[in-house]
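To find a chain, count down the sequence lines: A is the first, B the second, and so on, and within it residues start at 1. Here the structure is a predicted model, which is why all the values come from computation and not from measurement.
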Amino acid sequence: MNDAAQAEQHIIDEDNLARVRDLLECMERGDEEGAREIVDELANVRETTLYQEVGKLTRELHDAISAFGMDDRIANLAEHDIPDARERLNYVIAKTDEAANRTLTAIEESLPLCEKLESESGDLHARWQQFRRKEMSLDEFRELSRTLEAFLAEQNSNAGQVRAHLTDALMAQDFQDLTGQIIKRVITLVEEVEANLVNLIKVAGLPEREKPADDGSLAGPVVPGKETATTVSGQDEVDDLLSSLGF
Amino acid sequence: MKILIVDDFSTMRRIIKNLLRDLGFTNTEEADDGTTALPMLQTGKFDLLVTDWNMPGMQGIDLLRAVRADEKLANLPVLMVTAEQKREQIIEAAQAGVNGYIVKPFTAQTLKEKLEKIFERVGA
């Protein structure tokens with residue numbers, strides 16, 4: 001094999017020169033069989049070289065693949081970092097969900113208290129004005145006085161409850177710090193994966209392909225700065241589009 | 001006035017429910033996708049459907065089409081509240097017979113305006 005490879009690299013060498021001389025001799029002699037044998041021998045030299053080349057390419061490919069397989073960082077990314085990122089992102093979903101629900105609960109529990117304050121104070125204000133206009137009997141005033149006292153006591157307690165709910169809504173925002181840090185880490189990971197993928201594409205020599213066409217799946221929320229000609233950028237544009245359709 | 005709110009995220013359902021309540025619509029029910037919403041609509045005598053688009057199971061657009069295809073529900077006003085902002089999707093919803101289209105994130109004022117517009121038309 002090695003000889004053959006050498007022969008391919010330097011077609012003019014002692015062995016081949018000797019073969020050609022022999023071939024010439026055979027031909028001059030009219031030795032058909034001998035000449036054929038030498039031609040076959042020369043062809044064989046070429047063929048084994050071809051196999052040699054294919055073998056070399058295969059080995060290089062194999063080395064490249066094993067180099068990738070053995071790259072600890074990539075293996076680590078796939079086995080550890082990506083699942084880890086998935087867990088972290090699930091944690092972000094859980095935290096934001098929890099915060100939204102906690103805030104909503106605080107609001108839902110505060111709203112009836114505010115509504116009560118609104119309607120009762122409105123009622124008391126009207127009756128107080130009635131008293132100021134001296135349009136109130138003594139019995140009515142006594143009733144107003146009792147209502148007012150109960151109202152003040154209740155509102156004092158309600159205000160405390162509303163304040164506690166507001167504090168809870170405030171504390172529920174602590175997710176932002178944690179989720180922000182987690183998302184930043186995941187962004188770093190995505191960048192690393194991207195760099196490795198770009199490398200892989202370079203090594204594999206894949207041509208850059210055009211962006212795949214729209215697969216018909218829903219696009220979801222538009223991120224600021226990522227609007228395209230096919231999306232609208234807000235409620236006003238939605239309204240314009242719909243009114244142009246006769247809505 | 002009975003309203004069905006359909007969204008796969010419970011937080012969004014709660015937000016819409018509270019906004020509607022603030023606008024004086026206290027009779028609301030909730031469903032988390034079209035599959036659960038449709039039987040509720042068929043039996044529940046609702047006056048308005050507020051639905052998201054992107055949901056697992058049956059999506060909002062398919063729910064809208066199912067509503068329009070159902071003899072008893074065909075005239076039910078449908079308000080879509082969704083993060084989908086592609087022109088072709090808005091057109092698709094319009095063609096499917098949506099009565100209003102709100103993109104998330106939205107304000108209480110937008111919800112109020114769209115509801116008023118819907119009822120104005122329904123009443124007219």
Asker: Closest approach of B/Y101 and A/L242, non-hydrogen atoms and distance?
Answerer: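 Taking B/Y101 first and A/L242 second, the nearest heavy atoms are CB-CD1, 3.6 Å.
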Asker: Can you tell me how far the CD atom of A/E98 sits from the OG1 atom of B/T11, to the nearest 0.5 Å?
Answerer: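 Interatomic distance, A/E98 CD to B/T11 OG1, rounded to 0.5 Å: 13.0 Å.
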Asker: Would you say CD of A/E135 has more than 12 non-hydrogen atoms from neighbouring residues, nucleotides or ligands within 6.0 angstrom?
Answerer: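 More than 12 heavy atoms, drawn from other residues, nucleotides or ligands, come within 6.0 Å of this atom.
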Asker: Would you indicate whether B/M1, at its atom CE, is surrounded by more than 12 heavy atoms from other residues, nucleotides or ligands within a distance under 6.0 Å?
Answerer: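 Correct, the count exceeds 12.
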Asker: Would you find more than 12 non-hydrogen atoms of other residues, nucleotides or ligands less than 6.0 Å from A/R59 atom CZ?
Answerer: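 No, the 6.0 Å shell around CZ holds no more than 12 heavy atoms from other groups.
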Asker: State, with a plain yes or no, whether a side-chain heavy atom of A/L241 is found less than 4.5 Å away from one of B/R87.
Answerer: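 They are in contact (side-chain heavy atoms under 4.5 Å apart), so the answer is yes.
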Asker: Within a reach of under 6.0 Å around NZ of B/K112, are more than 12 heavy atoms found that belong to other residues, nucleotides or ligands?
Answerer: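 For B/K112, atom NZ is not crowded (no more than 12 foreign heavy atoms under 6.0 Å).
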Asker: Using 0.5 Å steps for rounding, measure from the CZ atom of B/F9 to the CD1 atom of A/I93.
Answerer: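 Between atom CZ of B/F9 and atom CD1 of A/I93 there are 7.0 Å.
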Asker: Does any heavy atom of chain A fall under 4.5 Å from the side chain of B/Q59, the backbone, both, or neither of them?
Answerer: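 Side chain only.
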Asker: Determine whether more than 12 heavy atoms belonging to other residues, nucleotides or ligands lie under 6.0 Å from atom CG of B/N75.
Answerer: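 At most 12 heavy atoms, drawn from other residues, nucleotides or ligands, come within 6.0 Å of this atom.
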Asker: Output yes when A/D239 and B/K117 qualify as a salt bridge under the 4.0 Å nitrogen-oxygen rule, no when they do not.
Answerer: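 Salt bridge between A/D239 and B/K117, a charged N being under 4.0 Å from a carboxylate O: no.
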Asker: What residue, out of A/L104, A/T103, A/L245, has the most heavy-atom pairs lying under 4.5 Å from chain B?
Answerer: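 So the answer, after comparing A/L104, A/T103, A/L245, is A/L104.
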Asker: Check whether more than 12 heavy atoms from other residues, nucleotides or ligands sit under 6.0 Å from atom CD of A/E118, and answer yes or no.
Answerer: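 Counting other residues, nucleotides and ligands, CD of A/E118 stays at 12 neighbours or fewer.
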Asker: Taking B/E84 for its side chain and A/G220 for its backbone only, find out whether a donor-acceptor pair lies under 3.5 Å.
Answerer: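 It does hold such a pair.
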Asker: Identify which part of B/T82 has an atom lying under 4.5 Å from any heavy atom of chain A, answering side chain, backbone, both or neither.
Answerer: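 Answer is neither: B/T82 stays 4.5 Å or more from chain A.
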Asker: Do you know which of B/D22, B/T110, B/N18 has the most heavy-atom pairs under 4.5 Å to chain A?
Answerer: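 If we count pairs closer than 4.5 Å to chain A, B/N18 comes out on top.
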Asker: Do NZ/NE/NH1/NH2 and the carboxylate oxygens of B/R21 and A/E108 come within less than 4.0 Å?
Answerer: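 Between A/E108 and B/R21 there is no salt bridge, as every charged N stays at least 4.0 Å from the carboxylate O atoms.
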Asker: Yes or no on side-chain contact (heavy atoms from CB on, under 4.5 Å) for A/E237 and B/V103, after CA distance, side-chain angles and deciding distance?
Answerer: CA-CA 10 Å; A/E237 283 192 28; B/V103 288; over 6 Å; no
Asker: With only heavy atoms counted, which part of A/S244 is less than 4.5 Å from chain B, the side chain, the backbone, both or neither?
Answerer: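 No part of A/S244 comes within 4.5 Å of chain B.
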Asker: Mind checking the CD-CD spacing from B/E113 to A/Q235? Nearest 0.5 Å is all I need.
Answerer: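 One finds 8.5 Å between CD of B/E113 and CD of A/Q235.
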Asker: Under a 4.5 Å heavy-atom cutoff, which of A/P221, A/S233, A/G234 has the most pairs with chain B?
Answerer: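 The option with the most such pairs is A/P221.
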Asker: Mind checking the OG1-NZ spacing from A/T230 to B/K86? Nearest 0.5 Å is all I need.
Answerer: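 Going from OG1 on A/T230 over to NZ on B/K86, the span is 5.5 Å.
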Asker: Just so I know, are the side chains of A/N101 and B/R14 near enough to count as touching, which here means a heavy-atom distance under 4.5 Å?
Answerer: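 Touching, per the 4.5 Å side-chain cut-off.
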Asker: Quick one: what part of B/K17 sits under 4.5 Å from any heavy atom of chain A, side chain, backbone, both or neither?
Answerer: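 Nothing of B/K17, per the 4.5 Å heavy-atom cut-off to chain A.
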